[in-house]
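Read through the structure below, which is laid out as structure tokens, and then see the notes.
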Amino acid sequence: MTDISIMDRIDPDMAWEAFERRDRNWDGRFVGAVRTTGIYCKPSCPARHPKRDNMVFFPDGETARAAGFRACKRCRPDETARDRQAVERAIALIEEAQEMPALDELAAQVGYAPHHFHRLFKRTAGVTPAAYARQLRADRLEAALHNGGSVTDAIYDAGYNAPSRAYADAAQRMGMTPSAWKNGGQGAVIRWTVAQSSLGPMLIAATERGLCRISFDEDESVLRLRFPKADIRPGDARFAELAARVVALAEQPGLADDLPMDVRGTAFQQAVWNALRTIPPGETRSYAQIAATIGRPGAVRATGSACGDNQLAILIPCHRVVRSDGGLGGYAYGLERKKALLSKERQGE
Ligand SMILES: [Zn+2]
């Protein structure tokens with residue numbers, strides 16, 4: 001999230017550039033004082049700029065005052081610094097709190113009126129306090145689910161006061177439910193078949209809700225490993241119809257698909273998988289592009305892992321993701337097959 005820490009050391013070149021740009025992002029992080037007028041300002045002050053040689057920078061108003069400068073009446077640098085500190089304090093309160101504090105309460109604790117505080121928080125942190133808290137909770141839940149253990153514990157540990165809130169939040173954000181397949185598929189009936197395709201034998205498996213595994217060169221033993229507590233049965237006639245549609249999609253990648261899916265993953269994995277489904281057949285994207293698409297440009301490696309965790313080959317087209325340098329990257333079912341899939345898609349349509 002936004003780093004809004006107060007600077008204790010100032011790079012004068014950077015500070016001067018911030019003044020030249022009148023960069024509000026640096027307000028409250030340092031002040032610039034003008035030797036000729038004896039006044040100090042925040043970087044965004046609308047007043048005319050002095051000569052650079054006449055400027056000296058301080059981490060805050062207090063040190064500027066100690067050096068004999070007075071605050072500018074126009075840009076009020078000390079108020080801005082107080083505002084920024086209030087937001088920092090509020091963020092710390094949100095992070096410490098077991099439940100998201102009410103806006104009134106939060107504002108009161110940092111000494112502001114609720115409406116003003118809400119605007120101030122949004123301007124400084126880039127999101128509202130509630131959005132900040134939601135994001136924090138969702139990130140914690142994602143981390144906790146990754147660490148294993150009970151889903152219910154993970155939900156409460158992340159700061160939700162009821163599982164229903166976590167499910168609602170998660171469903172709203174990513175279209176997922178956080179129960180995952182961590183109970184080994186207990187209570188689920190999984191039907192499967194191995195179908196022949198021009199790309200080789202395909203394992204196709206589905207729960208009552210939708211497809212849960214599409215892969216190449218595998219048989220049902222994979223399902224027994226992944227879902228040890230599920231009731232695993234060969235496909236019936238209804239299932240054969242579904243499997244035929246999957247094979248048709250593999251043979252004719254441009255086919256519109258509305259096949260039901262029942263795959264579970266973290267919010268991050270779901271976001272990656274959704275992004276993969278937006279790549280048109282025959283086109284490719286890099287891992288970095290997918291990471292950027294889902295708003296996590298720094299998470300290129302995690303994006304690669306999420307592609308590798310894809311349970312539904314073809315349907316979630318992880319074969320359309322390649323390396324930034326144009327290299328083919330990896331594929332769980334062999335590079336030859338990835339190449340074949342892509343060239344089939346490019347010729348097709
Ligand atoms: Zn000023």
Side-chain angles (χ1 to χ4, degrees), residues 1-136 139 295 297-298:
M1 286 251 148
T2 328
D3 171 20
I4 53 165
S5 54
I6 306 272
M7 296 199 319
D8 46 339
R9 281 191 327 165
I10 302 161
D11 171 352
D13 289 335
M14 187 219 68
W16 171 251
E17 280 165 24
F19 264 87
E20 279 202 313
R21 289 194 308 273
R22 293 197 163 88
D23 190 340
R24 275 199 357 207
N25 292 317
W26 290 101
D27 287 353
R29 296 194 203 198
F30 70 92
V31 298
V34 185
R35 287 200 185 93
T36 47
T37 59
I39 284 173
Y40 65 90
C41 292
K42 63 186 183 187
S44 73
C45 180
R48 236 184 89 224
H49 287 142
K51 286 206 181 78
R52 178 172 179 173
D53 289 349
N54 289 334
M55 273 197 95
V56 53
F57 302 101
F58 296 97
D60 53 34
E62 197 180 335
T63 45
R65 284 195 301 279
F69 294 93
R70 285 173 293 118
C72 171
K73 290 207 167 82
R74 192 158 170 196
C75 69
R76 303 177 192 220
D78 296 331
E79 275 179 30
T80 305
R82 260 200 310 279
D83 286 354
R84 191 175 280 279
Q85 279 159 22
V87 171
E88 282 182 6
R89 170 122 176 79
I91 285 176
L93 288 169
I94 293 172
E95 290 185 351
E96 283 159 18
Q98 193 55 39
E99 281 174 32
M100 168 64 189
L103 178 64
D104 294 14
E105 196 186 310
L106 201 58
Q109 287 201 60
V110 296
Y112 284 76
H115 184 69
H116 175 66
F117 172 72
H118 190 262
R119 276 212 330 256
L120 173 65
F121 190 101
K122 179 144 196 264
R123 198 170 63 216
T124 309
V127 291
T128 65
Y132 187 94
R134 258 201 313 278
Q135 182 64 43
L136 183 72
D139 286 350

From [X] atom [atom1] to [Y] atom [atom2], the distance as rounded to the nearest 0.5 Å:
X    : Y    : atom1 : atom2 : answer
L93  : Q109 : CG    : CD    : 5.0 Å
F121 : I91  : CZ    : CD1   : 4.5 Å
W16  : D53  : CH2   : CG    : 8.5 Å
Y40  : R65  : OH    : CZ    : 4.0 Å
T36  : M55  : OG1   : CE    : 10.0 Å
D60  : T80  : CG    : OG1   : 13.0 Å

How are the rings of F19 and H49 set relative to one another: parallel (under 30°), tilted (30 to 60°) or perpendicular (over 60°)?
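Judged by the thresholds at 30° and 60°, the geometry between F19 and H49 is perpendicular.
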Over 60° means perpendicular and under 30° means parallel, so classify the ring planes of F117 and Y112, tilted if in between.
tilted
Restricting to non-hydrogen atoms, name the atom on [X] and the atom on [Y] that form the minimum distance, rounded to 0.1 Å.
X   : Y   : value
R24 : R84 : O-NH2, 3.8 Å
T63 : F58 : OG1-CB, 3.5 Å
V31 : P77 : CG1-CB, 4.0 Å
D11 : D13 : OD1-N, 3.0 Å
C75 : P46 : CB-CD, 4.4 Å
I39 : A71 : CG2-C, 4.4 Å

Check: [X] side chain, [Y] main-chain N or O, donor-acceptor pair, under 3.5 Å:
X   : Y   : answer
R22 : C45 : yes
R70 : G38 : no
R21 : P43 : no

Just wondering, are more than 12 heavy atoms of other shown residues or ligands nearer than 6.0 Å to [atom1] in [X]?
X   : atom1 : answer
R52 : CZ    : yes
R76 : CZ    : no
E62 : CD    : no

Would you check, one step at a time, whether the test side chain to side chain contact (heavy atoms under 4.5 Å, CB included) holds for H116 with R119?
CA-CA 5 Å; H116 175 66; R119 276 212 330 256; 4.1 Å; yes
